[in-house]
Q: 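Below you will find the structure I want to go over with you.
Index from 1, following the sequence. Note: hydrogens, waters and symmetry copies are ignored here, and every other heavy atom, side chains too, is used. Remember, predicted model here, so these are calculated numbers, not experimental data.
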Amino acid sequence: MLLKVSLESPLFILLIIISFLLVTLTTWLSQRPLELKPFGLDDIMQLLTLPFFISLLLERSLEVLITTWRGPTTEQLEISIQQQSALIAEKRKFIAEQQQNQTPYVEPDPIKVNPSGGTTLEQQLIQNPSQNPTDLLQQLQPYIDDLNTRVKNLNEIERQRLAYKADTRIIALWTSLLCGLLISAIGIRSIEPLIVIKDINPIQLIIFRCLDAFLTGGLIAGGSEGIHKFTQVFTDFLEATSRQAKDRRFF
């Protein structure tokens with residue numbers, strides 16, 4: 001489980017102090033702002049092509065790995081859910097049929113003596129057949145208890161499946177992030193090619209490359225769809241800026 005840090009805990013205060021010190025150190029080392037290289041839309045597209053391709057490969061590789069590793073257990077849970085659902089449906093149908101087939105309980109009429117001789121008791125039992133609902137409930141009680149037990153088992157299996165899927169998703173995300181960080185650490189960066197690396201403090205350069213590796217690793221771990229959306233947003237922004245610049249020239 002993830003550790004929950006409250007706003008009043010000493011750990012949270014320690015993290016705030018460490019973050020403040022890191023920002024202060026970075027600001028002190030980077031007294032001179034970084035110089036950007038001239039770049040356009042084609043440069044951005046070329047820069048994002050390699051992370052996009054790596055992200056596609058990583059997605060497919062992780063899909064095969066996760067499916068091979070975690071797939072069988074997920075399939076077993078889904079089969080168990082289907083079986084339990086079918087049994088529950090049969091039990092409910094059986095109980096409903098038994099309840100529909102019961103005859104409403106009617107108080108028998110008092111026994112009347114036939115003046116011609118004998119009684120009409122046999123005729124009354126034939127005309128007023130009945131079954132006490134209490135007796136029917138006692139007969140169906142084992143089936144109802146079994147139905148409740150199976151419903152509880154079904155809920156437990158569904159909870160296990162959801163928890164298992166959540167764990168699988170977390171494993172996939174962390175594995176993807178780790179692979180993205182490793183790929184970025186070996187030299188595939190998304191920001192450094194746009195910066196003029198010249199006369200920069202060595203410590204400032206190390207911090208910058210660490211942040212660049214972290215951002216690039218997160219970009220790759222986010223998947224190809226995330227990179228595609230990022231590219232689309234950046235393209236729309238440049239097109240809108242270009243249109244505004246052209247409109248201002250006419251005025």
Q: Would you compute the distance between atom CD of Glu90 and atom CZ of Arg150 and round it to the nearest 0.5 angstrom?
A: 9.0 Å

Q: Before you tell me yes or no, could you show the steps for Asn148 and Lys91 under side-chain contact (heavy atoms from CB on, under 4.5 Å), namely the whole-Å CA-CA distance, both residues' side-chain angles and the distance that decides it to 0.1 Å?
A: CA-CA 10 Å; Asn148 294 332; Lys91 293 290 183 181; over 6 Å; no

Q: If a pair satisfies ring-ring contact (aromatic ring centres under 6.0 Å, His included) and one of its residues is in residues 45-101, list it, with sequence neighbours excluded.
A: Phe94-Tyr143

Q: Carefully, step by step, assess Glu156 and Arg159 under the rule salt bridge (charged side-chain N to carboxylate O under 4.0 Å, His left out).
A: CA-CA 5 Å; Glu156 180 64 20; Arg159 187 193 65 79; 2.6 Å; yes

Q: Does the side chain of Ile220 reach to within under 4.5 Å of the side chain of Leu181, using non-hydrogen atoms?
A: no

Q: Quick check for you: to the nearest 0.5 Å, what is the distance between Thr73 atom OG1 and Tyr164 atom OH?
A: 3.5 Å

Q: Please collect all side-chain hydrogen bond (donor to acceptor under 3.5 Å, both in side chains) contacts where either partner lies in residues 43-66, sequence neighbours excluded, each pair once.
A: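 For residues 43-66: Glu59-Ser224, Arg60-Glu63.
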
Q: What do you reckon, is NZ of Lys37 surrounded by more than 12 foreign heavy atoms closer than 6.0 Å?
A: yes

Q: Go through the steps to decide whether Thr149 and Asp145 satisfy the test side-chain hydrogen bond (donor to acceptor under 3.5 Å, both in side chains), and finish with yes or no.
A: CA-CA 6 Å; Thr149 302; Asp145 294 339; over 6 Å; no

Q: Kindly give the heavy-atom pair with the smallest separation between Pro193 and Leu47, and that separation in Å.
A: CG-CD1, 3.6 Å

Q: Identify, with sequence neighbours excluded, every residue that meets side-chain contact (heavy atoms from CB on, under 4.5 Å) alongside Leu62.
A: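 Once residues adjacent in sequence are excluded, the partners of Leu62 under the side-chain contact (heavy atoms from CB on, under 4.5 Å) criterion are Leu58, Leu65, Thr175, Ser176.
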
Q: Rounded to the nearest 0.5 Å, how far does CG of Leu219 lie from CG of Leu48?
A: 6.5 Å

Q: Rounded to the nearest 0.5 Å, what's the gap from OG1 on Thr216 to CD1 on Ile54? Could you check?
A: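 The CD1 atom of Ile54 is 10.0 Å from OG1 of Thr216, to the nearest 0.5 Å.
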
Q: Got a second to check how far Leu57's CG is from Ile183's CD1, nearest 0.5 Å?
A: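 Reported to 0.5 Å precision, the distance equals 8.5 Å.
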
Q: Please enumerate all residues that pass side-chain contact (heavy atoms from CB on, under 4.5 Å) together with Ile195, with sequence neighbours excluded.
A: Leu34, Leu36, Ile191, Ile197, Phe208

Q: Sorted by first residue and then second, give each salt bridge (Lys or Arg N to Asp or Glu O under 4.0 Å) pair with at least one member in residues 168-195; sequence neighbours left out.
A: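 Only Arg189-Glu192, Glu192-Arg209 qualify under salt bridge (Lys or Arg N to Asp or Glu O under 4.0 Å).
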
Q: Linking I/L/V/M/F/W/Y whenever their side-chain heavy atoms sit closer than 4.5 Å, directly or via other members, would Met45 and Leu194 fall into one cluster?
A: yes

Q: Hey, could you give me the NZ/CD1 distance between Lys165 and Ile170, rounded to the nearest 0.5 Å?
A: 14.5 Å

Q: Applying side-chain contact (heavy atoms from CB on, under 4.5 Å), can you list everything that pairs with Ile81, at least two apart in sequence or on another chain?
A: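 Here the qualifying residues are Ser85, Leu154, Ile157, Glu158, Arg161.
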
Q: Strictly distance-based, threshold 3.5 Å: is any side-chain N or O of Ser184 a donor or acceptor partner for the main-chain N or O of Gly180?
A: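 No.
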
